[in-house]
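Fair warning: this is a prediction, and the values are worked out from it, not measured in the lab. Residue numbers start from 1 in every chain, and the chains themselves are labelled A, B, ... in the order their sequence lines are given, proteins ahead of strands. When reading the values below, keep in mind they use all heavy atoms of this one structure, side chains included, and skip hydrogens, waters and symmetry mates.
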Amino acid sequence: MLLLGSIMPEEFIRLQHGYAKNGLSDEVIALFQNIIYSHYRDNKRDFLWRKSHDPYHVLVSEFMLQQTQTSRVEQKFSEFITRFPHFNDLASASFKEVLSAWQGLGYNRRALMLHHLAKKVVHDYKGILPKTKEALITLPGIGEYTAGAICAFAYNMPVTLIETNVRTVFLHFFFRNSRGVRDAELLLLIEKTADRNNSREWYNALMDYGVMLKQSMPNPSRRSKHHATQSRFEGSDRQVRGKILRELTQHELSFDALVTRVDEPQERMKKILSQLAFESLIVQENGVFRIA
DNA sequence: TTCCGGCTAT
DNA sequence: ATAGCCGGAA
């Protein structure tokens, strides 16, 4: 159990107090970086994807880490890279193979977008992932955060990015008593306090600190304007979609066979199947459904 | 039963 | 702006 003093040093509060505007000064920034890096030196998390700066490895890990905890990604990442070592291998695989390797991670649309992206990189970019945030963000499945993460972790570029752990750290240090804080406001601080010459290490350190904070107190990210509690999983369309795709990675099935195996009403199955087909995750052909 | 999360479509 | 998308651990 951590003492409050160790996660919010008094010296930081005292220093920050003298700067009413935004709590920032060179001194505050230096101390803040010191706190984050000190924790990192002693508590660095040792992930396989942190050992490599290969853009493909970074990309795959970031896709998996969108909405999925590190504990579940660790095993899957290793297997995925072994099965698809390069963009070429992923691009030339069938989507069914890709989805099989994805099983257990959830949010299967990410697998589809990653597959599309690999084909695009091979065909439009000669197998080389673009090196600018603007180009990266045009690719399927890459949004503001993932584009920044690739720039930081693959290319060590001085970018400004925010995700759940970074958000946690800045809410904790700079918005101790605020609620409904917007990312736009946090980003100003993230930009000003960044160790621009060591983006890769800095963001890894911030994320590790954020994880530690969440283990020590109620999640500070709940005070974000963008925090939302989501609908229950049990009985949801998400659950049924997952079941259907899991079945179809095993074998092609007729509508009736699917209804039997998934055990949901026909009308609901029709609706969800047509949605999955619309999203290009599955196709219906010769009376059977299969992975697209 | 509750908790955790980035991208896309609307 | 907001709703929808997954699965497993605690």
Pairs under 3.5 angstrom, nitrogen or oxygen only, protein versus nucleotides 7-9 of chain C, please.
unit_1 : atom_1 : unit_2    : atom_2 : d
dG7(C) : OP1    : Arg246(A) : NH1    : 2.9
dG7(C) : N2     : Gln69(A)  : OE1    : 3.4
dG7(C) : N2     : Gln69(A)  : NE2    : 3.3
dG7(C) : N2     : Arg72(A)  : NH2    : 2.9
dG7(C) : N3     : Arg72(A)  : NH2    : 3.2

Check nucleotides 8-10 of chain B against the protein and report each pair of N or O atoms closer than 3.5 Å, with its distance, or say if there are none.
unit_1 : atom_1 : unit_2    : atom_2 : d
dT8(B) : OP1    : Gly141(A) : N      : 2.6

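A distance of 6.0 Å or more separates the ring centres of Phe87(A) and Tyr125(A).
Between Gln230(A) and Arg238(A), the side chains place a donor N or O and an acceptor N or O closer than 3.5 Å (distance only, hydrogens not considered).
Side-chain contact between Thr193(A) and Val28(A) is absent, with no heavy atoms from C-beta onward closer than 4.5 Å. A heavy-atom distance below 4.5 Å is not found between the side chains of Met212(A) and Asn43(A).
Remark: of the listed residues Phe153(A), Phe63(A), Tyr155(A), Phe153(A) is the sole one forming a side-chain contact (heavy atoms from CB on, under 4.5 Å) with Val58(A). Checked options Tyr40(A), Tyr37(A), Phe173(A); the residue passing with Tyr209(A) is Phe173(A) (criterion: ring-ring contact (aromatic ring centres under 6.0 Å, His included)).
Gln275(A) places its CD atom 11 Å from the P atom of dG4(C), with the value rounded to the nearest Å. Regarding Glu234(A), its CD atom lies at a distance of 9 Å from the P atom of dT1(B), rounded to whole Å. Taking atom NE2 of His226(A) as the reference point, atom P of dC4(B) lies 17 Å away to the nearest angstrom. Rounded to an integer number of Å, the gap from CE of Met64(A) to P of dC6(C) is 16 Å. If you take CG of Leu276(A) and C1' of dC6(C), they are 12 Å apart, rounded to a whole angstrom. The interatomic distance linking Glu144(A) (CD) with dC7(B) (C1') rounds to 12 Å, in whole Å. The NE2-C1' distance, from His116(A) to dC7(B), rounds to 15 Å in whole Å. We find that NE2 of His227(A) is positioned 6 Å from P of dC4(B), with the value rounded to whole Å.
Looking at heavy-atom distances under 4.0 Å, Glu62(A) makes no contact with the nucleic acid at all. No contact: Arg182(A) has no heavy atom under 4.0 Å from any strand.
A donor-acceptor contact shorter than 3.5 Å is absent between the side chain of Arg241(A) and the backbone of Leu276(A).
Thr146(A) has a side-chain polar atom (N or O) that falls below the 4.0 Å cut-off from OP1 or OP2 of dC7(B).
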Per-pair distances, 0.1 Å, donor-acceptor, side chain in residues 280-292 of chain A, under 3.5 Å, sequence neighbours excluded:
unit_1    : atom_1 : unit_2    : atom_2 : d
Glu285(A) : OE1    : Arg290(A) : NE     : 3.3
Glu285(A) : OE1    : Arg290(A) : NH2    : 3.1

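Residues Val169(A) and Leu206(A) approach most closely at CG2-O, 3.3 Å, considering heavy atoms.
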